[in-house]
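Report on the following structure.
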Amino acid sequence: MANPNEMEGHGQYLTALVRQERDTAYRRHDYLSHDWQMGLWKGEVKEAMQTQSPRQSPSSVMIPSSSPCSINSIPEAPSEICVRWREKIIEWKYQVIDRFDLDREIVSVSTFYLDQYLSLHYVDEELFQLVAMASIYLAIKIHSPKKVAILSIASTGNGLITVKHIEAMELAIMKGLNWHLFPPTSNAFIENFFPLISRDCQMNGFNNMDHKVADSLELARFLSELSVCAYPFVSVKPSSIAIAAIWYSFEYFGLPESTRKAFQSLANGLSLDVYAPEVQACGKLLRRVYQLAVPNDLSVLG
């Protein structure tokens, strides 16, 4: 039997997550678009060219001039960090987390740090790697009960980035995000929705549905992880991704209509629309991403 206090806690946490995602501090942007990158380049790099002064962004003071990562020559036009860079970095983050046996949710949090910082500062490929290393270290430090030494994080790089570089960038990220370091994530929504879904199944006499609910939870978690890697989700509300993932997992495992209605009622109670256009778009994209990730799954719904 579900613990009433525990269920109340999940409900309260979901309410807090909804309130957080509506805060402008936690909204992400399409920062890899040409116009956004051009704006950052003009604001930081071109201005430094015109004044013939050092580029005064946090990244300009991270790495000494003797390092191959330093900006010794200012580019005449933005090189534009690309979606593929981001995908590679997130794949690397999952490898780090699995290597140290940490909660994979750390990748979601650290990717929020990465995206937010990169929406504020123009960086090149080397500095992109530095921001990635500092963001994963910061997320582990704040959100994981199991810690990882900064030397261990530095050792995962190519040897050009030191502990001092990571520490300096860590501080730059915290200041850049104005200390908003506890972002709502799609997985946080999923983890707090499912205990309430399971409770409702039991209350309605569907005790034999526990295994299907558990399987749906695992698929929803996996879809959430895929969304972290896929850049098109970057400016989407975490709740929309979570609802789409849960909806898809219900359909995949054939949960009854009563379970779907119970979930819809939970979402409505939080003023979340399960049929919102953004949720529908997320659902379509999650299907495509899942098909690419698991091409041999013949049961994938069309």
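Basis for what follows: all heavy atoms, side chains included, without hydrogens, waters or symmetry-related copies. Counting begins at 1 with the first residue of the sequence.
Judged by distance alone, the side chain of Gln280 and the main-chain N or O of Ala244 form no donor-acceptor pair under 3.5 Å. Put simply, the side chain of Ser216 gets close to the backbone of Lys212: a donor and an acceptor are under 3.5 Å apart. In this structure a side-chain-to-backbone donor-acceptor pair under 3.5 Å is missing from Gln264 to Asp273. Distance alone, capped at 3.5 Å, is enough to place a donor-acceptor pair between the Arg28 side chain and the Val234 backbone. A distance-only check finds no donor-acceptor pair linking the side chain of Ser198 to the backbone of Phe194 [under 3.5 Å].
Taking both residues in full, the closest heavy atoms of Ser227 and Ser186 are given as OG-OG, 4.0 Å, listed atom of the first, atom of the second, then distance. Heavy atoms only, all atoms of each residue included: Ala139 and Val109 are closest at CB-CG1, 4.1 Å. Here the shortest heavy-atom pairing between Leu177 and Leu181 reads CD2-CD2, 4.3 Å. In plain terms, the two heavy atoms of Glu278 and Ser240 that are nearest each other are OE1-OG, 2.6 Å. Scanning all heavy atoms of the two residues, the minimum distance from Asp30 to Trp36 falls at O-CB, 3.8 Å. Of all heavy-atom pairs between Cys282 and Val236, the closest is SG-CG1, 3.3 Å.
Counting only N and O atoms by type, the side chains of Asp115 and Tyr231 include no donor and acceptor under 3.5 Å apart. A donor and an acceptor atom, one from each side chain of Gln95 and Glu91, are nowhere located under 3.5 Å apart.
Taken from CZ in Phe189 to OH in Tyr13, the straight-line distance is 9.5 Å, to the nearest 0.5 Å. Expressed to the nearest 0.5 Å, how far CD1 of Ile89 lies from CE of Met133 amounts to 9.0 Å. Here the straight-line distance linking atom CD1 of Ile90 with atom CD1 of Ile136 works out to 10.0 Å at 0.5 Å rounding. Here the straight-line distance linking atom CZ of Phe263 with atom CD1 of Ile197 works out to 5.5 Å at 0.5 Å rounding. Of the inter-residue distances, the one linking Gln12 atom CD with Asn192 atom CG reads 11.0 Å to the nearest 0.5 angstrom. For the atom pair Phe222 CZ and Ile190 CD1, the distance stands at 12.5 Å (nearest 0.5 Å).
In the hydrophobic clustering of ILVMFWY residues, with side-chain heavy atoms under 4.5 Å counting as a link, Ile153 and Leu151 come out together. Leu120 and Met169 sit in two unconnected hydrophobic clusters of ILVMFWY residues. Membership requires side-chain heavy atoms under 4.5 Å apart, directly or through other members. Note on Leu270 and Tyr275: same hydrophobic cluster, where clusters join Ile, Leu, Val, Met, Phe, Trp and Tyr whose side-chain heavy atoms are under 4.5 Å apart, directly or indirectly.
Below 30°, between 30° and 60°, or above 60°: for Tyr290 and Tyr252 the angle between ring planes is above 60°, a perpendicular geometry.
Atom NZ of Lys147 has more than 12 heavy atoms from other residues, nucleotides or ligands within 6.0 Å.
Using a cutoff of 4.0 Å between basic side-chain nitrogens and carboxylate oxygens, Glu87 and Arg84 are scored as salt-bridged. Checked for salt-bridge contact, Glu191 and Arg221 meet the test: a charged N lies under 4.0 Å from a carboxylate O.
Annotation: salt bridge (charged side-chain N to carboxylate O under 4.0 Å, His left out) contacts of Arg104 (sequence neighbours excluded): Asp98, Glu225.
With Tyr248 as the aromatic partner, Arg287 meets the cation-pi criteria of under 6.0 angstrom to the ring centre and within 45 degrees of the ring axis.
For Tyr26 and Phe112, the gap between ring centers is short of 6.0 Å.
Residue pairs meeting the side chain to side chain donor-acceptor pair (under 3.5 Å) criterion with at least one partner in residues 133-145, sequence neighbours excluded, are Lys93-Ser135, Tyr113-His143, Lys141-Glu170.
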